[in-house]
Amino acid sequence: MTTPWILLLVAGLFEVAWAIGLKYTDGFSRLVPSVLTIAAMIVSVWLLALALKGIPVGTGYAVWTGIGAVGTAILGIVLFSEPATAARLACIGLIVAGIFGLKMVSGNG
């Protein structure tokens, strides 16, 4: 895996962090979770911008949002007892397949 893809993966993980962090901010009324969530947002977008130097923007953005969607959905199930129906898990699997597909056809690492 090349550096832009590693940056994109880490950017996606920070996207998961800030998406989950939003739940803990209580509408940005709690200081520490709010500061950590905003910091994760900044780091996520910054790393995405760096990754896009070596990855096409459409691919990079789709993979970034896909990582965020999958990670947030899984943590929603684990942390907040959101439903883990077969249909929901299958849809998460389709997003993962799309992420891998975009990586394979991107032609740059």
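Positions are given from 1 along the sequence.
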Handout entry: Pairwise distance CD1(Ile74) to CD(Glu82) - rounded to 0.5 angstrom
Key = 11.5 Å
Practice task
Mark yes or no for whether Thr25, through its side chain, and Leu22, through its backbone, hold a donor-acceptor pair below 3.5 Å.
Solution key: yes
Problem - Non-hydrogen atoms of Leu8 and Ala51 that approach each other most closely - result: N-CB, 3.7 Å
Fill in the blank from the handout: Nearest heavy-atom approach of Ser34 to Ser29 is OG-N, 4.1 Å
Problem - Pairwise distance CG(Leu102) to OH(Tyr61) - rounded to 0.5 angstrom - result: 13.5 Å
Handout entry: Closest non-hydrogen atom pair, Ser44 against Ala11
Key = OG-O, 2.9 Å
Problem - Verify same cluster id: Val43, Leu36 (apolar side-chain graph, 4.5 Å) - result: no
Practice task
Is it possible for you to say whether Phe100 and Leu9 belong to one hydrophobic cluster, with membership spreading through side-chain heavy-atom contacts below 4.5 Å?
Solution key: yes
Practice task
Kindly indicate whether the side chain of Ile77, heavy atoms from C-beta on, has any atom under 4.5 Å from the side chain of Leu89.
Solution key: yes
Practice task
Of all the heavy-atom pairs spanning Ile99 and Gly66, show the shortest one and how long it is.
Solution key: CD1-C, 3.4 Å
Completion exercise
Heavy atoms of Gly60 and Ile55 approach each other most closely as N-CG2, 3.7 Å
Problem - Approximate separation, where rounding is to 0.5 Å, of Leu7 CG and Trp64 CH2 - result: 14.0 Å
Problem - Linked, directly or transitively: Leu48 and Ile38 (ILVMFWY side chains, under 4.5 Å) - result: no
Problem - N/O donor-acceptor pair under 3.5 Å between Thr72 side chain and Gly68 backbone - result: yes
Completion exercise
Heavy-atom closest pair (Ile20 atom, Gly76 atom, distance to 0.1 Å) is CD1-N, 4.4 Å
Practice task
Using the rule that two of Ile, Leu, Val, Met, Phe, Trp, Tyr join whenever any of their side-chain heavy atoms come within less than 4.5 Å, decide whether Ile42 and Val16 are in one cluster.
Solution key: no
Handout entry: Pro4 side chain reached by Lys53 side chain, heavy atoms, under 4.5 Å
Key = no
Completion exercise
Rounded to the nearest 0.5 angstrom, the OG1-CZ distance for Thr37 and Arg30 is 9.5 Å
Handout entry: Check: Glu15 and Met41 side chains under 4.5 Å, non-hydrogen atoms
Key = no
Handout entry: Where at least one partner belongs to residues 15-50, residue pairs that pass ring-ring contact (aromatic ring centres under 6.0 Å, His included), sequence neighbours excluded
Key = Tyr24-Phe80
